[in-house]
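Along the sequence shown, residues carry numbers from 1. Since we're looking at a predicted model, the values are computed, not measured.
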Amino acid sequence: MKNQPIFQEIARKIEERVEDGVYVSSQKLPSEYDLADEFQCSRLTIRKAIELLISQNILVKEKGKGTYVMKQPKIQSGSGGLQSFTETARIQGKQTKTEVLEYEIAKELSLKIKQAFGEYASEPIVHLIRLRSFEDEPMTVENLYVLKRYIGEATKKELSGSLYQVIEKHIEIGYAHQEVEAVKVTKDVSKLLKVQVGEPMLLVHSMTYSPAAHPILYDRSFYRADKYTFKNTLIRHNKG
């Protein structure tokens, strides 16, 4: 394409390498210096190309470590900012309330959860069930599995707040892949969320990763269908 900025041309070439498997999922890219030398351009041009690919959910950057190829799901239907329940409430000017219903080391894991954590599935994994509300209105029942190494010795009180804040003391959160399905609420969930049995709900399966694609958190949660919509790939924006 004539008059196309150089950084866009470079971004397209890097994207082609990802598509062709030259750069594979979760691989760290060469440094900006090396890429600038290869493409015979300035590091600023490389930086702009990388920023473009980050905005397109092809690459993801880990602060102080480098840029990685984002691990891709089979189907990607959209993207947006990855925020915790607490952060979302704060933006809307609301207070959150969290009740920890269960907190224990998981004794057994389903095949799906084992596959989600991969080689890390043999490590201690905490099973956490929480009821979360905006103000006094219940919104979601979270059924969470998180590697214990990423919550340390967090107390039940600490886990009643933002789980992301607890996790980010140990590892940087990069992104999450989500699958959303419409279901009818069951009796136990309806009681917790104070809705009628059979009312439509959103059942959300998500897996959260570090920028380098290390699995952190598996989430299978029920959300109020009248309160939430979701996109598949969510980026954790820098909070610094």
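Between I129 and V100 the shortest side-chain heavy-atom distance does not fall below 4.5 Å. The shortest distance between side-chain heavy atoms of T67 and V60 does not fall below 4.5 Å.
One hydrophobic cluster, built from ILVMFWY side chains closer than 4.5 Å, holds both V141 and V183. No single ILVMFWY cluster, assembled from side-chain heavy atoms under 4.5 Å apart, contains both I58 and F7. Linking ILVMFWY side-chain heavy atoms closer than 4.5 Å, directly or via other members, places Y120 and L109 in a single hydrophobic cluster. One hydrophobic cluster holds both V166 and Y150 under the rule that ILVMFWY side chains link at heavy-atom gaps under 4.5 Å. When hydrophobic clusters are built by joining Ile, Leu, Val, Met, Phe, Trp and Tyr residues whose side-chain heavy atoms come closer than 4.5 Å, directly or via intermediates, L147 is grouped together with Y103.
Rounding to the nearest 0.5 angstrom, the gap separating the CD1 atom in I167 from the OG1 atom in T208 is 7.0 Å. Remark: Y33 OH to R43 CZ distance equals 9.0 Å, nearest 0.5 Å. Considering CD of Q8 and CG of L52, their distance stands at 6.5 Å, rounded to 0.5 Å. Note that OG of S122 and NZ of K114 are 10.5 Å apart. Values are rounded to the nearest 0.5 Å. Distance check: I216 CD1 to I171 CD1 gives 4.5 Å after rounding to the nearest 0.5 Å. The distance from atom CD of E108 to atom CD1 of I113, rounded to the nearest 0.5 Å, is 11.0 Å.
Scanning all heavy atoms of the two residues, the minimum distance from L35 to P30 falls at CD1-O, 3.7 Å. Smallest separation of non-hydrogen atoms from Y223 and S221: CE1-CB, 3.6 Å. Heavy-atom minimum distance, A212 versus S26: O-CB, 4.1 Å.
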Q | side-chain contact (heavy atoms from CB on, under 4.5 Å) assessment of I46 paired with C41 | A | CA-CA 7 Å; I46 293 296; C41 65; 3.6 Å; yes
Q: Please step through side-chain contact (heavy atoms from CB on, under 4.5 Å) for the pair Y218 and L144, ending with a clear verdict.
A: CA-CA 6 Å; Y218 179 86; L144 312 170; over 6 Å; no
**Q.** Audit row: D37, Q40, side-chain contact (heavy atoms from CB on, under 4.5 Å) steps and yes/no
**A.** CA-CA 5 Å; D37 183 60; Q40 292 297 293; 4.0 Å; yes
Q: Could you please spell out the steps behind the side-chain contact (heavy atoms from CB on, under 4.5 Å) verdict for V126 and E104?
A: CA-CA 6 Å; V126 172; E104 63 179 4; over 6 Å; no
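Using a cutoff of 4.0 Å between basic side-chain nitrogens and carboxylate oxygens, K63 and E168 are not scored as salt-bridged. A salt bridge links E142 with R132; the closest basic N to acidic carboxylate O contact falls under 4.0 Å. The pair E123-R149 meets the salt-bridge criterion, with a side-chain N (NZ, NE, NH1 or NH2) lying under 4.0 Å from an Asp/Glu carboxylate O.
The closest donor-acceptor contact from the side chain of R130 to the backbone of G161 lies under 3.5 Å. Under the 3.5 Å distance criterion, the side-chain polar atoms of K148 are matched with a main-chain donor or acceptor of G152. Side chain of Q27 to backbone of V24: a donor-acceptor contact under 3.5 angstrom is found. In this structure a side-chain-to-backbone donor-acceptor pair under 3.5 Å is present from T140 to F222.
By the side-chain contact (heavy atoms from CB on, under 4.5 Å) test, K65 pairs with E62, Y68, sequence neighbours left out. Residues passing the side-chain contact (heavy atoms from CB on, under 4.5 Å) test with T155 are K157, E158, sequence neighbours excluded. With sequence neighbours left out, E51 forms a side-chain contact (heavy atoms from CB on, under 4.5 Å) with R47. R220 meets the salt bridge (Lys or Arg N to Asp or Glu O under 4.0 Å) test with no other residue; sequence neighbours excluded. Take H127 and apply the ring pair (Phe, Tyr, Trp, His ring centres under 6.0 Å) test, not counting sequence neighbours, and it matches Y145.
Considering I54, N57, L59 in turn, N57 is the only one that fulfils the side chain to side chain contact (heavy atoms under 4.5 Å, CB included) rule with M70.
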Under 3.5 Å, side-chain donor or acceptor atoms of residues 189-207 against the rest of the protein: list the pairs with distances, not counting sequence neighbours.
residue: S190; atom: OG; partner: T186; partner atom: O; Å: 3.2
residue: S190; atom: OG; partner: K187; partner atom: O; Å: 2.7
residue: H205; atom: NE2; partner: E181; partner atom: OE2; Å: 3.0

